Chemist: 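Handing you a structure now.
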There are 2 protein chains.
Amino acid sequence: MEENVASLLKKNGIKATPQRLAIYNILKNTKSHPSAETIYKGLSKQFPTMSLATVYKTLGLLSRIGLIQEINVGEDSFRYDANTAPHPHIVCLKCKRVDDVGGYDVPQSYDTIAKNTHYKILSHQLYFYGYCPECKKGE
Amino acid sequence: MEENVASLLKKNGIKATPQRLAIYNILKNTKSHPSAETIYKGLSKQFPTMSLATVYKTLGLLSRIGLIQEINVGEDSFRYDANTAPHPHIVCLKCKRVDDVGGYDVPQSYDTIAKNTHYKILSHQLYFYGYCPECKKGE
DNA sequence: ATATAAAAGATATTAATTATTCATTGATAA
DNA sequence: TTATCAATGAATAATTAATATCTTTTATAT
Ligand SMILES: [Mn+2]
Ligand SMILES: [Mn+2]
Ligand SMILES: [Zn+2]
Ligand SMILES: [Zn+2]
């Protein structure tokens with residue numbers, strides 16, 4: 001898996017540096033949809049000299065070659081996800097937690113919508129908003 | 001219609017200023033989902049002294065009392081819509097145009113998703129991405 | 001008409017992100 | 001193993017959307 005990423009980077013003429021692999025692995029091994037800042041902090045022990053600019057550059061790079069996706073929940077900063085398949089997300093309005101949603105997604109055939117809008121449709125994003133299990137206790 | 005808005009503002013203890021009514025009317029009379037900046041420019045002839053801060057403050061206010069909704073298409077800035085009902089949008093990846101989508105929306109019962117996620121769900125947003133009729137010509 | 005609290009306008013500030021520069025380091029191919 | 005070219009890190013600056021601050025103006029109730 002990590003091997004795959006390294007070779008995929010090389011195939012694109014991009015060097016497989018430890019920083020890049022570490023950033024990708026963080027995303028691959030979490031369900032928390034972290035922000036650039038969160039990833040940066042999470043790597044500070046392993047890479048004390050890691051630059052925040054490197055994190056941003058790497059996230060942009062990985063997005064560009066389709067290894068991760070950028071998701072925008074509407075507040076503050078971007079979140080990142082190693083699951084590049086279209087899938088819905090749910091956002092806690094209080095603590096800003098972002099989770100995956102199972103059990104529902106938009107039909108993958110865009111034909112009807114394309115006919116109605118006359119757009120050529122490539123992708124979609126579906127977001128739900130509400131209160132997570134923790135935050136809904138305090139209403 | 002404009003009368004309604006003015007009285008609704010007053011009912012909430014909010015002053016019905018010409019600037020606020022003008023901003024609301026722009027949104028009520030367009031299908032283009034303008035940004036704060038676009039609204040600001042659109043009012044510059046009618047209100048040469050209008051401050052951009054006033055536009056932002058008013059848009060926040062109108063959103064808060066439910067007269068308009070804020071939509072986030074994932075790029076650059078927020079867009080605003082006087083149609084406060086949940087409805088999907090489609091975004092042109094090239095020219096950033098935002099249109100309404102007819103013929104499809106998420107089922108309004110959140111029961112299944114609530115059961116799966118254990119969230120209390122309040123709302124959703126559905127965005128499609130692609131190329132508008134104009135931009136898809138140049139592929 | 002007047003008083004008053006709210007809002008407007010002007011300006012400054014915040015904060016995420018991107019960009020620039022440049023010396024040092026290191027991944028990769030030969 | 002070595003040379004090369006890309007990437008890192010550090011420091012700093014630029015962007016840009018959005019907010020905050022403060023003084024002046026004004027909508028509204030009396
Ligand atoms: Mn996800
Ligand atoms: Mn709309
Ligand atoms: Zn929460
Ligand atoms: Zn377009």
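When reading the values below, keep in mind they use all heavy atoms of this one structure, side chains included, and skip hydrogens, waters and symmetry mates. A, B, ... follow the sequence lines: proteins, then strands. Residue 1 opens every chain. Everything numeric in this text was worked out from a predicted model, so none of it was measured.
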Chemist: Reckon A/Tyr56 has a side-chain N or O less than 4.0 Å from the OP1 or OP2 of C/dT17?
Modeler: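 Answer yes for this pair, as a side-chain N or O of A/Tyr56 is under 4.0 Å from OP1 or OP2.
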Chemist: Can you tell me the distance, in whole Å, between the CG atom of B/Asn12 and the P atom of D/dT28?
Modeler: 13 Å
Chemist: For the pair made of CD in A/Glu37 and P in C/dT18, what is the distance, rounded to whole Å?
Modeler: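 Taking atom P of C/dT18 as the reference, CD of A/Glu37 is at 13 Å.
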Chemist: With under 30° as parallel and over 60° as perpendicular, where do the rings of A/His87 and A/His33 fit, or are they tilted in between?
Modeler: tilted
Chemist: Is there a continuous path of hydrophobic side-chain contacts, each under 4.5 Å between heavy atoms, that joins A/Leu43 to A/Phe78?
Modeler: yes
Chemist: Whether the side chain of B/Arg97 engages the backbone of B/Cys132 through a donor-acceptor N/O pair (distance < 3.5 Å, no angle test) should be reported.
Modeler: no
Chemist: Determine whether the side chains of B/Tyr104 and A/Asn116 contain a donor N or O and an acceptor N or O closer than 3.5 Å.
Modeler: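 The answer is no; no qualifying pair exists.
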Chemist: Using whole Å, report how far CG of B/Asn72 lies from C1' of D/dT16.
Modeler: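 After rounding, the gap between these two atoms is 15 Å.
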Chemist: A/Leu59 has an atom CG; how far is it from atom P of D/dT8, in whole Å?
Modeler: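 Checked: the CG to P distance equals 12 Å.
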Chemist: Are the side chains of B/Val55 and B/Glu37 in contact, using a 4.5 Å heavy-atom criterion?
Modeler: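 The answer is no, as the side chains (C-beta and beyond) never meet within the 4.5 Å cut-off.
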Chemist: In whole angstrom, what separates A/Leu21's CG from D/dA7's C1'?
Modeler: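 My rounded result for the distance is 13 Å.
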Chemist: Starting from the first five and the last five pairs of the helix from C/dA1-D/dT30 to C/dA30-D/dT1, work out the angle between the resulting helix axes, to 10 degrees.
Modeler: 50°
Chemist: Atom OH of A/Tyr40 and atom P of C/dA16: how far apart are they, to the nearest Å?
Modeler: 14 Å
Chemist: For B/Ala36, answer base if it contacts any base atom (sugar-phosphate contacts may also be present), sugar-phosphate if it contacts only those atoms, and nothing otherwise; contact means non-hydrogen atoms under 4.0 Å.
Modeler: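 No contact.
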Chemist: So A/His118 and B/Glu134, do their side chains get closer than 4.5 Å, heavy atoms only?
Modeler: no
Chemist: Expressed in angstrom and rounded to an integer, what is the separation of B/Lys10 atom NZ from D/dA29 atom P?
Modeler: 7 Å
Chemist: Measure up the A/His124 and B/Phe128 rings against each other and bin them: parallel (under 30°), tilted (30 to 60°), perpendicular (over 60°).
Modeler: tilted
Chemist: Using whole Å, report how far CZ of A/Arg79 lies from P of C/dA16.
Modeler: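 A/Arg79 atom CZ is separated from C/dA16 atom P by 12 Å.
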Chemist: Do A/Gln46 and A/Gln19 have a side chain donor and acceptor closer than 3.5 Å?
Modeler: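 Absent: no donor and acceptor within the cut-off.
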Chemist: Could you tell me whether the side chains of A/Asn72 and A/Tyr127 share a donor-acceptor contact shorter than 3.5 Å?
Modeler: no
Chemist: Let me have a per-nucleotide readout for nucleotides 6-15 of chain C, 5' to 3', with B, S or -, counting only protein heavy atoms under 4.0 Å.
Modeler: BSBBBB----
